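I have placed the structure first, in the form of C-alpha cells, so that the comments after it can refer back to it.
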2 protein chains.
Amino acid sequence: MVVDNVPNEDEHVNRLFHALSDATRRDILHRSAEGGLSVSRLAEDYPMSFAAVQKHVAVLERAGLVSKERRGREQLVRTEPDAVRRARAALDRIEDLWRGRVDRMSLILDEELGA
Amino acid sequence: MVVDNVPNEDEHVNRLFHALSDATRRDILHRSAEGGLSVSRLAEDYPMSFAAVQKHVAVLERAGLVSKERRGREQLVRTEPDAVRRARAALDRIEDLWRGRVDRMSLILDEELGA
DNA sequence: GTAACCTACAACCAAATGGTTGTAGATAAC
DNA sequence: GTTATCTACAACCATTTGGTTGTAGGTTAC
C-alpha cells in the first residue's frame with residue numbers, strides 16, 4: 001500500500017491546477033494576495049452561501065495556495081506565493097519542452113524522477 | 001442575457017486549468033509537444049481504454065491546449081504553445097499582485113530603515 | 001450573562017467528471 | 001473486396017464537485 005496521506009508530486013500538481021480552475025477561487029486568490037481577509041469578509045462579495053465560499057477556501061488550502069491564520073473569532077486568509085510559483089514551474093516544464101530546450105529538460109526530468 | 005456560446009475569458013481560463021489538473025493530460029501535453037502523435041499511439045502508454053484517452057485529448061482540445069490534424073486515418077495531436085502561455089499569464093497576474101504587495105512592503109521598510 | 005458574529009462541519013442534492021463497453025464510419029493493408 | 005486499424009460517439013455507471021440548509025462551538029460586544 002502506498003502511503004497516500006503524503007501525496008506525491010502529481011497529486012499535488014493536480015490539486016494546484018484544480019484549485020485554479022474556478023473563477024471564484026481565482027478571485028479569492030487575488031483578493032487574499034493583498035492582505036489578510038476573513039472568510040466572511042470574502043464571502044460577502046460572491047453570489048453564494050458562506051458555506052460555499054468556505055469550501056472554496058478549503059480547496060485552495062488543500063492545494064497549498066492559501067493559508068489561514070486565526071485572529072480572534074475570525075480566520076484570515078492569505079495566499080501563499082510559493083504555491084503560485086510551483087504552478088508556474090509546472091507550466092514552464094511544458095513550455096520548455098515545446099521550445100525544444102532538451103538540455104534544461106533532462107535536468108528537470110532528473111529532478112522529477114528523484115534521481 | 002450574456003451570450004455564452006462565445007465563452008468569456010473566465011470560462012476559457014477555467015477550461016485551461018481544468019485541463020491541466022490531470023496527470024494523464026499533462027503527460028499527453030508533454031508528449032505531444034515533441035511532435036505529432038496519433039491518438040492511438042498516445043493511448044498505448046496509459047492504463048485505460050482508447051476511448052478514455054480520446055476524452056482526455058478532447059478536454060485538452062476544448063481548452064485550446066492541443067489541436068488535431070488529420071493525416072490519413074490517424075489524427076495527429078500537437079500542443080498549442082500559445083495556450084500554455086495564456087495559462088502562465090493568468091498565474092502571472094496573481095503573482096504580480098503578490099509581488100506588488102511585497103514591493104510596497106519593502107518600500108516601506110526602506111523608508112523606515114533608511115530615513 | 002446574553003446576544004450577535006465567525007467558523008466548522010454534516011447531510012443532502014444536481015450536475016459534471018472519468019472511466020467503461022459497444023457501435024459505426026473512414027482509411028490503409030493485403 | 002475483405003480485413004484490420006484508427007477514430008468518433010453514444011449510453012451507461014460510480015465518484016467527485018459545487019452548491020444548499022441546518023446544527024453546533026467559540027469569540028466578541030453589550
Side-chain angles (χ1 to χ4, degrees), chain A residues 4-5 7-8 10-29 31-32 35-78, chain B residues 4-5 7-8 10-29 31-32 35-78:
Chain A
D4 67 358
N5 58 346
N8 58 12
D10 268 354
E11 257 311 312
H12 181 238
V13 179
N14 291 356
R15 279 204 276 267
L16 257 180
F17 285 124
H18 169 68
L20 292 167
S21 72
D22 181 277
T24 301
R25 288 195 288 264
R26 286 194 303 275
D27 194 65
I28 291 176
L29 265 191
R31 295 175 60 202
S32 303
L37 287 179
S38 72
V39 181
S40 51
R41 192 68 175 290
L42 285 168
E44 284 171 7
D45 292 352
Y46 304 110
M48 65 187 75
S49 67
F50 171 79
V53 175
Q54 221 176 2
K55 283 191 183 182
H56 281 305
V57 172
V59 169
L60 289 167
E61 198 179 13
R62 260 179 282 129
L65 281 163
V66 305
S67 62
K68 292 192 290 190
E69 184 189 359
R70 178 131 240 147
R71 201 177 58 182
R73 66 181 156 179
E74 41 188 23
Q75 195 94 254
L76 301 187
V77 179
R78 75 153 189 276
Chain B
D4 68 357
N5 58 343
N8 57 12
D10 269 353
E11 257 311 312
H12 182 238
V13 179
N14 291 356
R15 279 204 276 268
L16 256 179
F17 284 124
H18 168 69
L20 290 167
S21 72
D22 180 278
T24 300
R25 287 195 288 263
R26 287 194 303 276
D27 194 65
I28 291 176
L29 264 191
R31 295 174 61 201
S32 303
L37 286 179
S38 71
V39 181
S40 53
R41 191 68 176 289
L42 285 167
E44 285 172 6
D45 291 352
Y46 304 110
M48 66 188 73
S49 67
F50 171 78
V53 175
Q54 220 177 3
K55 283 192 183 182
H56 281 305
V57 173
V59 170
L60 290 167
E61 198 179 12
R62 261 181 281 129
L65 280 163
V66 304
S67 62
K68 293 191 289 190
E69 185 190 358
R70 180 132 241 148
R71 201 177 58 182
R73 66 181 157 180
E74 42 188 23
Q75 195 92 253
L76 301 187
V77 179
R78 74 154 190 273

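Chain letters run A, B, ... following the sequence lines, proteins first, then strands; residues in each count from 1. Since this is a predicted model, take the numbers as computed values, not measurements.
When the side-chain nitrogen and oxygen atoms of B:Gln75 are compared with OP1 and OP2 of D:dC6, none of them lie within a distance under 4.0 Å. Phosphate proximity of D:dT16 to B:His18: absent, as no side-chain N or O sits under 4.0 Å from OP1 or OP2. For D:dA8, the OP1/OP2 oxygens have a side-chain nitrogen or oxygen of B:Gln54 closer than 4.0 Å. For the pair A:Ser49 and D:dT20, the criterion of a side-chain N or O lying under 4.0 Å from OP1 or OP2 is met. Between B:His56 and the phosphate of C:dG19, there is a side-chain N or O to OP1/OP2 separation shorter than 4.0 Å.
The closest donor-acceptor contact from the side chain of A:Arg25 to the backbone of A:His56 lies at 3.5 Å or more, if one exists at all.
In the helix from C:dG1-D:dC30 to C:dC30-D:dG1, the rotation axis of the first five pairs and that of the last five pairs differ in direction by 30°, rounded to 10 degrees.
Note on B:Arg25: only backbone sugar-phosphate atoms sit closer than 4.0 angstrom, heavy atoms only; bases stay farther off. At the heavy-atom level, A:Ser40 lies under 4.0 Å from the strands shown only through sugar-phosphate atoms.
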*Would B:His12 and B:Leu16 count as a side-chain contact (heavy atoms from CB on, under 4.5 Å) if you check the C-alpha gap in whole Å, the side-chain angles of each, and the deciding distance to 0.1 Å?*
CA-CA 6 Å; B:His12 182 238; B:Leu16 256 179; 4.1 Å; yes
*Does the side-chain contact (heavy atoms from CB on, under 4.5 Å) test come out yes or no for B:Val77 and B:Arg31, once each step is laid out?*
CA-CA 9 Å; B:Val77 179; B:Arg31 295 174 61 201; over 6 Å; no
*Are B:Lys68 and B:Glu61 close enough, and set up right, to give a side-chain contact (heavy atoms from CB on, under 4.5 Å), and what steps lead you there?*
CA-CA 8 Å; B:Lys68 293 191 289 190; B:Glu61 198 179 12; 3.2 Å; yes
*asked:* Using the rule given for side-chain contact (heavy atoms from CB on, under 4.5 Å), can you reason through A:Asp27 versus A:Tyr46, listing the C-alpha separation, both sets of side-chain angles and the distance that settles it, and then say yes or no?
replied: CA-CA 10 Å; A:Asp27 194 65; A:Tyr46 304 110; 2.6 Å; yes
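Regarding B:Glu44, its CD atom lies at a distance of 10 Å from the P atom of D:dT7, rounded to whole Å. Regarding A:Arg26, its CZ atom lies at a distance of 12 Å from the P atom of D:dG18, rounded to whole Å. Distance A:Asp22 CG to D:dT16 C1': 14 Å, rounded to the nearest Å. In this structure, CD of B:Glu69 is placed 16 Å from C1' of C:dT27, rounded to the nearest angstrom. With rounding to whole Å, B:Arg62 atom CZ is found 12 Å from D:dC9 atom P. For the pair A:Met48 CE and C:dC13 C1', the computed distance is 17 Å after rounding to whole Å. Between the CG atom of A:Leu76 and the C1' atom of C:dT7 there is a distance of 12 Å, given to the nearest Å. Following rounding to the nearest Å, B:Glu61 (CD) and D:dC9 (C1') show an atom-to-atom distance of 14 Å.
Listed here is the closest heavy atom pair of B:Ser38 and B:Leu76: N-CD2, 3.8 Å. For the residue pair B:Val39 and B:Phe50, the shortest heavy atom distance occurs at CG1-CE1, 3.6 Å. Here the closest non-hydrogen pair linking A:Ala23 and B:Asp10 is CB-OD2, 3.7 Å.
Side-chain atoms of B:Asn14 and A:Arg26, non-hydrogen and from C-beta on, do get closer than 4.5 Å to each other.
One distance of note links OG1 of A:Thr24 with NZ of A:Lys55; it measures 14.0 Å at 0.5 Å rounding. The CG atom of B:Leu65 sits 11.5 Å away from the CD1 atom of B:Ile28 when rounded to the nearest 0.5 Å.
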Could I get a table of every N or O pair under 3.5 Å where one atom is in the protein and the other is in nucleotides 10-12 of chain D?
none

Collect all protein-nucleotide pairs involving nucleotides 23-30 of chain D in which both atoms are nitrogen or oxygen and the distance is under 3.5 Å.
| unit_1 | atom_1 | unit_2 | atom_2 | d |
| --- | --- | --- | --- | --- |
| D:dT27 | O3' | A:Arg73 | N | 3.4 |

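Taking a 6.0 Å sphere around CZ of B:Arg70, one finds it holds more than 12 heavy atoms contributed by other residues, nucleotides or ligands.
Across the interface with DNA chain C, nearest-nucleotide mapping of B:Phe50 and A:Lys68 shows A:Lys68 to be the residue nearer the 5′ end.
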